[in-house]
Every structure is written in structure tokens, then in C-alpha cells.
Visitor: 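Before anything else, here's the structure in question.
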Amino acid sequence: MTPDLPRLAAVAAGMLVATLLPAGAAQCERVDHDGQGYVLCAVEAAHEPALRLFQDGADGAPLRTFANVRRTLGPDETLSFAMNAGMFHADYRPVGLLVVDGVELSPIVTGASRDNFGMLPNGVFCTGGAQPFQVIESRAFAEARPDCRLASQSGPMLVIDGDLHPRFLVDSDSRYIRNGVGVAPDGQTAWFAISNRPVTFHEFGRFFRDGLGVRDALYFDGSISRLYAPSVRRADFGRSMGPIIGLVEQDG
């Protein structure tokens, strides 16, 4: 597949803009694994309450951009990092489950489909429940209905109990800039990652499993994947987004 040149150009432009933005204290860093570069943002359990899922503004319209997310913050708040957090319909509403501050805004979807979301098993990223962070297979989630402060459903799962998704191919030619989330085995750390260049599902899954040692990880998206992280000089431009997850810090 030809590299997504407009997407790469947007990333480069965003890096230039980010030089003008205040650096946050999020633990974001540039890392390499198996010849591919990624930006990795770690959130520890103590900071789980600072994570937020953004979907709609005060007027009920989808926020769609990092700039609009930042406008929702209070005068003493800073967006430390943010990325798109799940797939969405043409009207920017989430395809599957979305829970914000314990309130279900969109129901879970458990059926298979031909798109990436429905490449079962898919899963749910859940915070503030029995563990600070969890990635749970969607059908298991629908049966157990665990409590979550925040939850976003997407698919496919990248890593399932230590194994890569069974449909990932080593020699795949499907390459996109991809982003997702993985959870430490003890549930105390969530790792949010985005590739710098187009990668396959197999490469991205191995980054979480082999590079980070996670047993469960979830794909957020590919063709629209974007990151806001001033600490690594990233403020990506591109298409509008649906759900967005970010870490909000209190100034002072």
C-alpha cells in the first residue's frame, strides 16, 4: 500500500504547531520497536481520575477536534495529551459502547461485521472499575456488565489474553498510521500508542504484546488516527473525530 502522504504531512504540520503549545506533564515519549517508531503515553492508576472521554460539547454537537476539546476546559486545566478513542458513524456518533462519567451514551454492539470494528473479538477499554484500567472482550463485557467510569468500545482487539488477534497476518500489505490502548497485566497502567508511520495490525499488536508486555490491547482506529501531545511536539491535523480520550491536568 502507498504511504498515506497527506496524513504524514498533517502530522508534520501538527508538530510545528505543537512547538507553540505549553508542554504538559504526561508521560509521553518516542519509542522504537522492531524497526517501527511510536509515540507512547503512559497513565498510572493514580491519574485515572484525570482521564476524560470527550464526545459532545455544551450545545450537544460532537466536538470533533482537539481544539474544540481544549475549549471545553476550565481556566485552570490543561490538556496533557489526547487521541481519538474509537470508531464512529458519519455523524461522529460512536459505533459502539461509550460511557462518560458512569453514564452510558451509546450501547454495546456484539455482532460481527465486515469492517475493522466488527472483526471479532473486539473489545472495550474500561477505567475506574474493579481495576483502574481494563481491556475486556465485548461479549464478555456485555454478559458481565462491569462498572466503568469511562468506557469506549472499538475493534479489533490487538492482544487477547497474551495472544495476537487470530486474523492478523505477518505478511499483510494493509498499512495505516494506527492507534490504540493496552493495559498492564496488573491493571495499574494504561499505555496509549500511535505509530509514526503506517504499520500492519500484526506489527502494532506485537508492539503491545512483545514491546510492552501487555496481555490485552485494543485498536482505536487507523485512517484517522491522531495525537495531541505537546510534550513530544505533536498536534496532528486531519479529519474530524468521534470519541476522544485525553488526560486533563489541574494547573498549579
Side-chain angles (χ1 to χ4, degrees), residues 6-7 10-11 13-14 16-18 20-26 28 41 43 47-109 115-117 124-129 147-155 177 179-181 190 192 194 218-231 234-252:
R7 174 70 180 83
V11 169
L16 291 175
V17 171
L20 306 176
L21 301 175
C28 295
C41 298
V43 179
H47 297 112
E48 184 278 330
L51 270 179
R52 295 187 193 174
L53 264 173
F54 301 92
Q55 174 60 38
D56 296 335
D59 59 357
L63 290 168
R64 302 187 298 131
T65 70
F66 297 136
N68 286 339
V69 165
R70 292 171 64 206
R71 292 187 186 103
T72 70
L73 303 183
D76 61 343
E77 294 178 330
T78 298
L79 186 63
S80 186
F81 83 88
M83 65 169 50
N84 53 296
M87 298 177 188
F88 51 91
H89 296 292
D91 63 356
Y92 306 106
R93 306 297 176 185
V95 172
L97 179 71
L98 190 72
V99 175
V100 177
D101 293 331
V103 178
E104 184 178 297
L105 303 183
S106 180
I108 195 163
V109 175
D115 54 14
N116 286 335
F117 180 93
V124 176
F125 175 60
C126 166
T127 86
D147 291 331
C148 303
R149 184 180 69 84
L150 306 176
S152 184
Q153 184 184 11
S154 193
I177 292 177
N179 75 303
V181 61
F192 299 87
I194 185 169
L218 181 65
Y219 179 62
F220 278 152
D221 214 330
S223 60
I224 61 95
S225 296
R226 299 213 307 287
L227 174 70
Y228 174 91
S231 63
R234 285 280 295 270
D236 299 348
F237 291 92
R239 292 163 50 189
S240 295
M241 298 170 282
I244 297 169
I245 195 163
L247 186 72
V248 177
E249 299 182 78
Q250 299 290 324
D251 298 338

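Given the structure is predicted, the values throughout are model-derived calculations rather than measurements.
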Visitor: For residues C148 and V99, report the shortest heavy-atom separation together with the two atoms involved.
Guide: O-CG1, 3.7 Å
Visitor: Return the minimal non-hydrogen interatomic distance between L63 and N68, and the atom names on each side.
Guide: O-ND2, 2.7 Å
Visitor: Nearest 0.5 angstrom please: M83 CE to C28 SG, how far?
Guide: 8.0 Å
Visitor: For the residue pair F125 and F220, does the interplanar ring angle fall in the parallel (under 30°), tilted (30 to 60°) or perpendicular (over 60°) class?
Guide: perpendicular
Visitor: Counting N and O atoms only, with roles assigned by atom type, does the side chain of D236 sit under 3.5 Å from a partner on the main chain of R226, one being a donor and the other an acceptor?
Guide: no
Visitor: Tell me the closest heavy-atom pair linking S240 and F88, and the distance in Å.
Guide: O-CZ, 3.5 Å
Visitor: On a heavy-atom basis, which atom in A235 and which in Y228 lie closest, and how many Å separate them?
Guide: CB-CD1, 4.0 Å
Visitor: To the nearest 0.5 angstrom, please state how far the OG1 atom of T78 sits from the CG atom of L247.
Guide: 10.5 Å
Visitor: Quick one: CD1 on I244 to CG on L53, what's the gap to the nearest 0.5 Å?
Guide: 10.0 Å
Visitor: List for me each residue that meets side chain to side chain donor-acceptor pair (under 3.5 Å) alongside D221, sequence neighbours excluded, and say none if there are none.
Guide: none
Visitor: In terms of heavy-atom contacts, does CG of D147 have more than 12 from other residues, nucleotides or ligands at under 6.0 Å?
Guide: no
Visitor: Going by salt bridge (Lys or Arg N to Asp or Glu O under 4.0 Å), name the residues that satisfy it together with D101, two or more places apart in sequence or in a different chain.
Guide: R149
Visitor: Is the closest side-chain heavy-atom distance between R93 and S106 below 4.5 Å?
Guide: no
Visitor: Where do R234 and I194 land on the side chain to side chain contact (heavy atoms under 4.5 Å, CB included) test, with the steps shown first?
Guide: CA-CA 11 Å; R234 285 280 295 270; I194 185 169; 4.0 Å; yes
Visitor: Give, for atom CE of M241 and atom CD of Q55, the distance between the pair rounded to the nearest 0.5 Å.
Guide: 11.0 Å
Visitor: Can you give me the closest heavy-atom contact between V43 and E48, atom names plus distance?
Guide: CG1-N, 4.5 Å
Visitor: What distance do R71 atom CZ and T65 atom OG1 have between them, rounded to the nearest 0.5 Å?
Guide: 6.0 Å
Visitor: Are the side chain of N179 and the backbone N or O of N84 linked by a donor-acceptor pair below 3.5 Å?
Guide: yes
Visitor: Provide the closest heavy-atom pair for G96 versus Q153 in the form atom of the first, atom of the second, distance.
Guide: CA-OE1, 3.3 Å
Visitor: Return the set of residues passing side-chain contact (heavy atoms from CB on, under 4.5 Å) with V248 (not counting sequence neighbours), or none when no residue passes.
Guide: R52, F54, L73, E77, L79
Visitor: Could you measure the distance from the CG atom of L105 to the CG atom of L98? Nearest 0.5 Å is fine.
Guide: 5.0 Å
